[in-house]
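Predicted model, so just to flag it, every value in this text is computed and none were measured. We name chains A, B, ... by the order of the sequence lines, and we start the count at 1 in each one.
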Amino acid sequence: MNVPSNLKYTKDHEWIKDEGNGMATVGVTDFAQSQLGDIVFVEIETQGETLAKEEVFGTIEAVKTVSDMFMPASGEVIEVNPKVTEQPDIVNKDPYGEGWMIKVKMTNPAELNDLLSADQYKEITNE
Amino acid sequence: MKNTPFTKYHIELGARMAPFAGYNMPIEYSGINDEHVTVREKLGVFDVSHMGEVWVKGPKALDFIQTITSNNVAALFDGKVQYSCFPNDKGGIVDDLLVYRVNAETYLLVINAANIEKDWNWICEKGKMFGLTPGKELYNASDEIAQLAIQGPLALKAMQKLTSENVVDMEYYTFKKIPFAGIKEVIFSTTGYTGAGGCEIYCANEDADKLWKAVFEAGAEFGIKPIGLGARDTLRLEMGFCLYGHDINDTTSAIEAGLGWITKFVSDKNFISRDIWEKQKNEGPERSLKGFVMIDRGIPRQHYLIYDAQGNEIGEVTSGTMSPMSKRGIGMGYIKKGFWNDGAEIYIGIRDKKLKAKIVKPPFHMAKV
């Protein structure tokens, strides 16, 4: 399982990358995509909204399941990746790259300190 | 949790495994979409050993099965298979099943894995009035029989390599007991749950290894792949085939479920709940199971509500998915009388929105939107 060390993680299997200047990119982890199987639908309709940490920012659907995606940190959703809605299987292929979900302007970047490190995330995903 | 004789192969092949109806079953191998397309275009193999098998034998067998199932068993001939259901005594459905006629006094009933115990108890209970005894005229062989479904347009061609008996020309819904792949006898049945053509092969557990290996060897040149329960569900749903526990259950009638075609009100067939279903057929049911395809983007799921254009609730989704073939949401659900005309626009409540869909006939992945 791929768990890049430069990202922070949530127990709900989102990753967040600190891009500097209060900006961050958010997606779902390699573990999440592998557990979901073929991802066939992504819906994110929160662009422009300011959401609190752990609020739902979108929905991801595999053939058999529907899952919510949660904000790893509070902030405004300033961009949604159009590719993931047009071509959801890109999330299976490249969850940390082309399959990113949203860009967020964080209201409190210090919240990142409370998230899981790559090592901690690896621990919770090792059954 | 039980294993089938093939469980070890699924694990070896790296399938994602999950408990299903008490069995450790493969959900997917290469991915549901890939497996689905493989079956529609080539051929794939499903382990369906979890299905139940019950033998009914003796001079009372025909009368008994006429009483406990809805289809006309008298229309069967040796080597013919029939889709049917067991009505319960309240006008609902105990299970749906296949009835195989081996000869006039020997029948095989193939039932759903999740219902084996319920069905067996029901069969034994109802068998009492016919003097049928469990272990004698009634026999639950579910734990002794392994089964593979080889489905897809190339399935029969590939399987022909494994037997000298002609199987490629077999009629749909027929079967033969034949020597196959070095096994003395299998039941080779041109049935399936995918709408893609092919067969289902039943053998004794001890012959299962031989069957598995031979099937994959014979299919290799055609691109055969193992297929999990995930794709089994999407394949059956594209065809509008009912799944027990979702589209039909103890409270739905065959008439409501669009299974009037397996419900025969012929003379000399006094099946359980016949009066209730006959009345319903004559008067028209209050709700009907219909298929639909999404016009708006979205995936219907079981229990989502169905609305009319004015926002009134008119039904509930029983099965739904993204069609791997058409890449559209498809589903089935019960819709109230007056709202279920073909082509009618309906709305599916998906999260906080009501998304437009259209009632269509199966196969849903071929429906024009």
Check this for me, if you would: do Glu61(A) and Arg351(B) make a salt bridge, where the nitrogen-to-carboxylate-oxygen distance has to be below 4.0 angstrom? yes

Cut-off 4.5 Å, heavy atoms of chain A, and the answer for Arg297(B) is both

Part of Asp233(B) within contact of chain A (heavy atom distance under 4.5 Å): side chain

If we ignore angles and hydrogens, is there a donor and acceptor under 3.5 Å between the side chains of Thr318(B) and His246(B)? no

At under 4.5 Å between heavy atoms, what parts of residues 68-99 of chain A are in contact with chain B? List them by residue number. Thr85(A)

Ring geometry between His13(A) and Phe31(A) (parallel below 30°, tilted from 30 to 60°, perpendicular above 60°): tilted

Heavy-atom side-chain proximity of Val215(B) to Ile224(B) below 4.5 angstrom: yes

Which atoms of Val42(A) are under 4.5 Å from chain B, going by heavy atoms: the side chain, the backbone, both sets, or neither? backbone

Could you tell me whether Glu45(A) and Lys353(B) have a side-chain N and a carboxylate O separated by less than 4.0 Å? yes

Between the side chains of Asp250(B) and Tyr244(B), does any donor sit under 3.5 Å from an acceptor? yes

Minimum side-chain heavy-atom gap Met17(B)-Asn24(B) below 4.5 Å: yes

Comparing Arg301(B), Glu28(B), Lys327(B), His36(B) against chain A, the one with the most heavy-atom pairs below 4.5 Å turns out to be Arg301(B)

Can you confirm whether more than 12 heavy atoms, excluding those of Lys17(A), are under 6.0 Å from its NZ atom? no

